[in-house]
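Written out below as structure tokens is the structure these notes cover.
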Amino acid sequence: MRILAVADTEAKYYYDYYTPGKLDEFDLILACGDLRREYLEFLATLARCPLVYVCGNHDDGFHETPPGGCICAEDRIVVANGVRILGLGGSYRYRDGRNMYTERQMRRRVQRLQLQLWRNKGFDILLTHAPARHMGDLDSLPHQGFSCFGELLGRYEPRFFVHGHVHREYGANIPQRTEHGGTTIINAYNYCKFDY
């Protein structure tokens, strides 16, 4: 299965410079937040596959007007093409905002998912906006990750953890892919293609 992951900024290759058939290779699109509604709807319309998204810290309007043709995975497990995707959007709280959380608040969101996790026997992809703490995050409060995400990886060992929020231009040593145990961590800033 070929997956396109997008986050934080529109990928010009798939938007401004789009040509017919460019999205045909994908079986699934994962959107990790802070992307305009029009961009997500464009991808969902022209791709022949599901687009599953979570909200970024700047996506407050998605609660009232979600992007059409897309599947919201916030606080639930979505099964798309046989892949179990657990979605937890938002970032670490550094100011007031609808999609910003303290560690304690994010931990509560995870706890409310216990029945879904049990029914689905875990998940295959963790889809978030923010990274896990000490796994691709930064020390500054706005770009700090959540410790409970690392605990989810340790307990369920999903194949992939896909996030955005930390733009790779923030530093020379911000990788697009890393490994943690049996999980491949992908920073989807702009876009990243990978095989499941």
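What's counted below: heavy atoms across the whole structure, side chains too, no hydrogens, waters or symmetry copies.
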Exam field: side chain [X] to backbone [Y], donor-acceptor pair closer than 3.5 Å:
X      : Y      : value
Asp8   : Asn190 : no
Asn57  : Gly90  : no
Glu41  : Gly68  : yes
Ser147 : Arg133 : no
Asn187 : Tyr189 : yes
Arg177 : Ile186 : no

Close side-chain approach of [X] and [Y], heavy atoms under 4.5 Å:
X      : Y      : value
Gln116 : Arg119 : no
Pro66  : Tyr53  : yes
Leu141 : Gln144 : yes

How long is the span from the [atom1] atom in [X] to the [atom2] atom in [Y], to the nearest 0.5 Å?
X      : Y      : atom1 : atom2 : value
Arg112 : Arg76  : CZ    : CZ    : 15.5 Å
Phe146 : Glu103 : CZ    : CD    : 6.5 Å
Tyr14  : Tyr39  : OH    : OH    : 9.0 Å
Lys22  : Tyr15  : NZ    : OH    : 14.0 Å
Phe62  : Arg98  : CZ    : CZ    : 12.5 Å
Thr128 : Leu30  : OG1   : CG    : 11.0 Å

* **Trace of the side-chain contact (heavy atoms from CB on, under 4.5 Å) decision for Asn120 with Leu86** => CA-CA 10 Å; Asn120 286 280; Leu86 172 59; over 6 Å; no
* To do: Can you spot which of His63, Glu74, His58 makes a side chain to side chain donor-acceptor pair (under 3.5 Å) with Asn99?
  => His63
Would a hydrophobic clustering, with Ile, Leu, Val, Met, Phe, Trp and Tyr connected at side-chain separations under 4.5 Å, put [X] with [Y]?
X      : Y      : value
Met135 : Phe123 : yes
Tyr191 : Leu28  : no
Leu127 : Phe194 : yes
Met1   : Val52  : yes
Val162 : Ile29  : no

Exercise: identify the closest heavy-atom pair between [X] and [Y]:
X      : Y      : value
His129 : Cys55  : CB-O, 3.6 Å
Val166 : Pro131 : CG2-CG, 3.8 Å
Pro158 : Leu152 : CD-O, 4.4 Å
Glu10  : Arg36  : OE2-N, 3.3 Å
Cys72  : Val78  : O-CG2, 3.9 Å
Cys32  : Gly164 : CB-N, 3.8 Å

* **Passing option when Ile77 is tested against Leu117, Ile85, Leu113 for side-chain contact (heavy atoms from CB on, under 4.5 Å)** =>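 So the option named by the test is Leu117.
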* Is Arg109 positioned over the aromatic face of Tyr101, cation under 6.0 angstrom from the ring centre and no more than 45 degrees off axis? -> yes
* Worked verdict on Gln111 versus Arg108 for side-chain contact (heavy atoms from CB on, under 4.5 Å) -> CA-CA 5 Å; Gln111 288 170 347; Arg108 273 196 218 121; 4.1 Å; yes
* To do: In plain terms, say whether Glu25 and Lys193 are close enough for a salt bridge, that is, a side-chain N and a carboxylate O under 4.0 Å apart.
  => yes
* To do: Any chance you could lay out the ring pair (Phe, Tyr, Trp, His ring centres under 6.0 Å) test for His143 and Tyr170, step after step, and finish with the verdict?
  => CA-CA 10 Å; His143 296 97; Tyr170 288 170; 4.9 Å; yes
* Asked: Among Asp27, Asp24, Asp195, which one satisfies salt bridge (charged side-chain N to carboxylate O under 4.0 Å, His left out) with Arg2?
  -> Asp195
* Modelled atom types, side-chain donor and acceptor of Tyr156 and Arg84, under 3.5 Å ->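 No - no donor-acceptor pair under 3.5 Å links their side chains.
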* To do: Scan side-chain atoms only and decide if Asp137 and Tyr92 contain a donor-acceptor pair under the 3.5 Å cut-off.
  =>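 Their side chains do not contain a donor-acceptor pair, so the 3.5 Å distance test is not met.
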* Just wondering, are more than 12 heavy atoms of other shown residues or ligands nearer than 6.0 Å to OH in Tyr94? -> yes
* Answer yes or no: does atom CZ of Arg95 have more than 12 heavy-atom neighbours from other residues, nucleotides or ligands under 6.0 Å? =>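 Yes, the 6.0 Å shell around CZ holds more than 12 heavy atoms from other groups.
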* **Whether Tyr18 and Phe42 hold their rings parallel, tilted or perpendicular, with breakpoints at 30° and 60°** =>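 Ring orientation of Tyr18 relative to Phe42: perpendicular.
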